[in-house]
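Throughout, protein chains are lettered first and strands after them, A, B, ... in sequence-line order, and every chain is numbered starting at 1. Atom set for the values below is all heavy atoms of this structure, side chains included, hydrogens, waters and symmetry mates excluded.
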2 protein chains.
Amino acid sequence: MNTPTFRNWQSVQDEVLRRIHSREWKPGDLIPNETDLAQEFGCARTTVNRALRSLADSGLLDRRRKAGTRVASQPVAKATLNIAVIRSEVEERGQKYGYQLMSRAQAVPPVGVSAGMATDTGQTLLHIRARHIANDKPYAVEDRWINTKVVPDALNETFKAVSANEWLLTHAPYTHGEIAFSAASASKDDSAVLSCPEHSALFAIDRVTWDGDASVTKVRLIFAPGHQLRTDLK
Amino acid sequence: MNTPTFRNWQSVQDEVLRRIHSREWKPGDLIPNETDLAQEFGCARTTVNRALRSLADSGLLDRRRKAGTRVASQPVAKATLNIAVIRSEVEERGQKYGYQLMSRAQAVPPVGVSAGMATDTGQTLLHIRARHIANDKPYAVEDRWINTKVVPDALNETFKAVSANEWLLTHAPYTHGEIAFSAASASKDDSAVLSCPEHSALFAIDRVTWDGDASVTKVRLIFAPGHQLRTDLK
DNA sequence: AATGATTTTATGTGCATACATAATAATCTG
DNA sequence: CAGATTATTATGTATGCACATAAAATCATT
């Protein structure tokens, strides 16, 4: 048996993948340690480390100090979704993008919102409702609350030409956020805005973003019937 | 101005993040090259590289050889979803998991399925329908087609005790896949299986996995009303 | 001025080495 | 023997150096 030498970390990764797929290393199995693999592959331990770390990042390997590296017994599939600006999303499908501001007002939000944003219950926020359009057909409704304590500039913006969706990205950086996907039944209002039958099954995204421990914005996007969010699985 | 030294790549990353969030480096800006940053931070270029590479991976920086590194002009939010086995998903919520096989048969699939799986139109596949249960209430319906040319062992498995969802993970490795999320209106059948009103808005996941250029399985999971898929945004 | 060859430059990666750290295993101690 | 202490070990990472590679910038040639 000839042992070819692996010059770069990608080829090491490929070989490890091959062994996993060929079930030479089965889920749950402990694989040789980095030093041994480096020797076998004829490369530096650093290179093996890079390859294994990358595979661990993608959920295929479980690594623990001293305990070693093993093939994930339940390889968690990781799907990475790129949450882009809606305009780009529409334009990338080769469709014509349109935008309509429906309302813009300062108001005290319902408790669900202020709780989710961890703002004071009485605190006034900026409330925006808008419609995104693709090829002249309703694409999504955006219902957004903006924390003007964190983004005071938003008060000077009409959001008539640029959607809050887009404006915030370049004007209000955030450190982290939460996102949730679900299905919602079209309310009377939704059905009017998206011109679809009432009680249609609609895809919804809820998102809250934070700058440190202060919430920046909370948004609910409801998409027209048939919307799919797709990505690759690795 | 004192220039603290950064000993590890995480602290370098934190500092870079700070500068981005503080808008010292704005979206689209070209940032100093690795060598300069290394000097400023008092660490090796390798360390800076590690930090910047990691940020580029998460979509916050755009890097190109010779052209340098710049802050992503549209910082694409990336949400990574961990698609786990349904049993684990349920158990992690502290709920009691249950499973019921509804049907198991070899059949020629509808063209939509054979097309999606790139199998011959006349080829027989293994068709499984099952119900996942959380705390004695319906959780999700699984409708799955398995390519028995790729996973012949599946023919020897009854799927009465172990769900295909789980069995495949440990018995049929895959190289890549596609996944899509959408909303679906409950069919008569769905409503019966999930014990919910007809036309309820249900969250659905469609997934096809591949081993090389042969499809392994195609599955549609439809969840009981109210299901949410959540994750963090980075 | 258009085209093609060459240089420059910033990132990408490999390697040897050293030390850090977490977690297990072994040992000691009351 | 339980519990605390110490040793061992595999991964994690920092560093200096070297060279690879892509792409931009420059220069040479027609």
Is it the case that the side chains of [Y] and [X] hold a donor-acceptor pair, with the cut-off being a distance below 3.5 Å and no angle test?
X        : Y       : value
A/Thr35  : A/Arg45 : no
A/Asn49  : A/Thr46 : no
B/Glu166 : B/Tyr99 : no
B/Asn8   : B/Ser11 : yes

Take atom [atom1] of [X] and atom [atom2] of [N], then tell me their distance rounded to the nearest Å.
X       : N      : atom1 : atom2 : value
B/Leu55 : C/dT11 : CG    : P     : 14 Å
B/Asp36 : C/dT9  : CG    : P     : 12 Å
B/Leu52 : C/dT11 : CG    : C1'   : 10 Å
B/Asn33 : C/dG12 : CG    : C1'   : 14 Å
B/Gln13 : D/dG12 : CD    : P     : 16 Å
A/Leu30 : C/dA23 : CG    : P     : 16 Å
A/Leu61 : D/dT11 : CG    : C1'   : 13 Å
A/Trp9  : C/dG14 : CH2   : C1'   : 13 Å

Salt bridge flag under 4.0 Å for residues B/Arg220 and B/Glu142: no
Nucleotide of C/dT13, D/dC17, D/dT13 approaching A/Asn8 most closely (side-chain heavy atoms): C/dT13
First encountered from the 5' end of DNA chain C, between A/Arg45 and B/Pro32: B/Pro32
Name of the residue among A/Arg87, A/Glu89, A/His132 meeting side-chain hydrogen bond (donor to acceptor under 3.5 Å, both in side chains) with A/Tyr97: A/His132
Side-chain N or O of [X] closer than 4.0 Å to phosphate OP1/OP2 of [N]:
X       : N      : value
B/Gln10 : D/dT13 : yes
A/Asn49 : D/dG12 : yes
A/Arg50 : C/dT13 : yes

Touch class at under 4.0 angstrom, heavy-atom based, for A/Thr47 against every strand present: sugar-phosphate
Verdict with supporting geometry, A/Arg144 and A/Thr217, side-chain hydrogen bond (donor to acceptor under 3.5 Å, both in side chains): CA-CA 7 Å; A/Arg144 181 184 295 272; A/Thr217 184; 3.2 Å; yes
Neighbours of DNA chain C within residues 62-73 of chain A, by heavy-atom distance under 4.0 Å: A/Arg64, A/Arg65, A/Lys66
